[in-house]
Number of protein chains: 2
Amino acid sequence: MPAPQSPKQNRMLAALSLAGYTHLLPLLELVPMPAGYVIYELGLPIKYLYFPTTCIVTRLYETENGACTQIGIIGNEGLADISVLFGGERSRARVIVQSTGEAYRIKAGILKSEFEAGTELRHLLLRFAHALMIQTEQIAVSNRYHTVDQQLAYFLLMSLDRLSGNELHITHEQAGIMLGVRRESVTVAANKLHMAGAIHCRRGHIAIADRKQLEASAGENYKIVKEEYERLLETYLSSASRFGRSPEKQFKRFFQSIE
Amino acid sequence: MPAPQSPKQNRMLAALSLAGYTHLLPLLELVPMPAGYVIYELGLPIKYLYFPTTCIVTRLYETENGACTQIGIIGNEGLADISVLFGGERSRARVIVQSTGEAYRIKAGILKSEFEAGTELRHLLLRFAHALMIQTEQIAVSNRYHTVDQQLAYFLLMSLDRLSGNELHITHEQAGIMLGVRRESVTVAANKLHMAGAIHCRRGHIAIADRKQLEASAGENYKIVKEEYERLLETYLSSASRFGRSPEKQFKRFFQSIE
DNA sequence: GTGGCTCTGTACGGCGACACACATAGGCAC
DNA sequence: GTGCCTATGTGTGTCGCCGTACAGAGCCAC
């Protein structure tokens, strides 16, 4: 495991080759990320992009009348927010810190240039973007077909996968905002999950009691996204070793035949 | 207007510089795209990517028990399917032809190489990917908050924006599959839109009667995505002129500093 | 025109979530 | 402990969509 307070706590950064990492290192700055901090919002200028280490970041979509839905969650496997790199300056998504922690930030313009220039970083970022898209697609499906119970289970699992403990500091009200449902619906759903033995609730806290049970409650919903993220992390690892040896050469061979 | 049966009917290809376009041209092949043709499905090999000209392509997401939801629609402004370029080989999205027409196809491996190599094409593709992500995000929100009427209106507008006429060849059953609702719900919703004077239905056909009214029925849903796609097309136009003059200059500096 | 298939319209009970209202309980400040 | 604020639990009526069932209507083949 990497030492505390190292950029390598972010798995994407850890996946970089030595050359790529040392190149990026002086451009990174450790910053605290308090819950509620707005990283990106329509109309606000974007100065920095963030590689989370111990915080988690949520992508929300707000409708005209103020209703929200979470459309993605980002932990130490990624970057907040990737959409800036795609050239579409405007997005209705609002990106905020969901859980207090730390991140390494980098000037948005610099990372954009790095994204343009270096194949290695770009590959990692695109691969991550793909996983994020699958997350959003899955949420779209979930919003149509799944019950609040299932969605709450999914949300808890996704969040806790990206945190060290097994307890989430969140009220039913806040969870309701994330899921785009009423606070009361969260309460009812949480009670169902509690009855099933999956979670344990305290005032302002939700903890996993039985992970297997919780995963069962979430259904295919979680399974698919989890698998995708496991594949993402595998890609990170293989990328690190591949690029570690001889950056560009190995990369070319990769396209000729899959090793 | 471009001549019939030219790759320039696809707006992304039309946005390329002369150099980029002539480079790509011999690699493109005109193919008919019959409705229902599967472009991409989990488990099937991907040989070709498609630049639609007169067809429209839909991205569906299928759950384990066979229920579907549309998570995106692609016309002559884009490419089907971009996810292949991102390095995530697997996606649960199924990409099929929704409306019969034509497209220019290119070998997936070749376009992937072009995507890696050329900044111009990559910029266009990423910009398009951003618009597609916003579409998916919007659908996620829509699936939570909007009624079937609104979603049907949105679907009709998005489809007909990408076709030449103002009539869609589609049954209520098929529309129901796209929206992820029952056939009967589509019938009821279509009648509401008909009563409002927005559309006119025939057996197997739905036509716009009053576009303003239909847009009003769709709500912010459509407006946001439409604006995003207008911005995308503007980017295409400005890109064509910018790259026409001096292609790689702005990124050269960073290539040097990397080495 | 006639038959037959597909598409469309309508109805009814059920369920999940919503809006609203209100009661209870946890935990911090003092 | 006491008070107070916030978080949580519960109930009632409404609404939108689902599942199911069935009737009518359009259109092609013959």
Side-chain angles (χ1 to χ4, degrees), chain A residues 35-36 63 65-70 139-156 167-196 199-207 217-219 221, chain B residues 35-36 63 65-70 139-156 167-196 199-207 217-219 221:
Chain A
T63 64
N65 53 23
C68 277
T69 305
Q70 187 178 58
I139 287 172
V141 174
S142 191
N143 282 350
R144 167 153 307 287
Y145 291 113
H146 297 159
T147 61
V148 174
D149 320 7
Q150 291 174 299
Q151 293 179 51
L152 178 61
Y154 171 83
F155 169 74
L156 294 174
E167 190 177 76
L168 207 60
H169 286 235
I170 197 170
T171 65
H172 294 181
E173 175 73 40
Q174 293 167 328
I177 291 170
M178 297 293 179
L179 296 178
V181 299
R182 291 173 315 139
R183 192 270 309 162
E184 293 92 329
S185 300
V186 174
T187 300
V188 172
N191 280 339
K192 282 188 196 166
L193 293 178
H194 178 67
M195 289 302 172
I199 63 170
H200 177 67
C201 289
R202 280 166 45 215
R203 187 185 165 88
H205 302 257
I206 304 176
S217 303
N221 205 6
Chain B
T63 64
N65 54 22
C68 278
T69 305
Q70 187 178 58
I139 287 172
V141 175
S142 191
N143 283 351
R144 168 154 306 288
Y145 291 113
H146 296 159
T147 61
V148 174
D149 319 7
Q150 292 174 298
Q151 294 180 52
L152 179 61
Y154 171 84
F155 170 73
L156 294 174
E167 190 177 76
L168 207 61
H169 286 235
I170 196 171
T171 65
H172 294 182
E173 175 74 41
Q174 292 167 330
I177 291 170
M178 297 295 177
L179 296 179
V181 299
R182 291 174 316 142
R183 194 269 309 160
E184 293 89 332
S185 300
V186 175
T187 301
V188 172
N191 281 338
K192 283 188 196 166
L193 294 177
H194 178 66
M195 289 302 172
I199 62 170
H200 177 67
C201 289
R202 282 167 44 216
R203 187 188 165 86
H205 301 257
I206 303 176
S217 303
N221 204 4

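Keep in mind that the numbers below use all heavy atoms, side chains included, and drop hydrogens, waters and symmetry copies. Proteins get letters first, then strands, A, B, ... in listed order; numbering begins at 1 in each.
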Nucleotide [N], atom [atom2] - distance to [atom1] of [X] in whole Å:
X       : N       : atom1 : atom2 : answer
E184(A) : dG11(D) : CD    : C1'   : 11 Å
Q174(B) : dT6(C)  : CD    : P     : 13 Å
E173(A) : dC5(D)  : CD    : P     : 18 Å
M195(B) : dT10(C) : CE    : C1'   : 12 Å
L179(B) : dG16(D) : CG    : C1'   : 15 Å
R144(B) : dC15(D) : CZ    : C1'   : 16 Å
R203(A) : dA7(D)  : CZ    : P     : 7 Å
R202(A) : dG27(C) : CZ    : P     : 7 Å

Distance-only side-chain donor-acceptor flag, Q151(A) / H146(A), under 3.5 Å: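 Absent: no donor and acceptor within the cut-off.
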Phosphate OP1/OP2 of [N]: any [X] side-chain N/O under 4.0 Å:
X       : N       : answer
R182(B) : dC18(D) : yes
S185(B) : dC18(D) : yes
H146(B) : dG16(D) : no
N191(A) : dG9(D)  : yes

Sugar-phosphate, base or nothing in reach of T187(B), heavy atoms under 4.0 Å: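 Base contact.
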Side-chain donor/acceptor contact of R183(A) with base of dG9(D) under 3.5 Å: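 Yes, a donor-acceptor pair under 3.5 Å.
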Side-chain heavy-atom pair Y145(A), T69(B) within 4.5 angstrom cut-off: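 Yes, side chains in contact.
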Ring geometry between H205(B) and H169(B) (parallel below 30°, tilted from 30 to 60°, perpendicular above 60°):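 Aromatic pair H169(B)/H205(B) classed perpendicular.
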Minimum-distance pair of heavy atoms, taken over all atoms of L193(B) and D149(B):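 In this case the closest contact between L193(B) and D149(B) is CD1-O, 4.1 Å.
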Any donor-acceptor N/O pair, R144(A) side chain to V181(B) backbone, under 3.5 Å: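 Not confirmed, R144(A) side chain does not pair with V181(B) backbone.
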Upstream residue (5' side of DNA chain D) when I170(A) and K192(B) are each assigned their closest nucleotide: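 Nearer the 5' end of the strand: I170(A).
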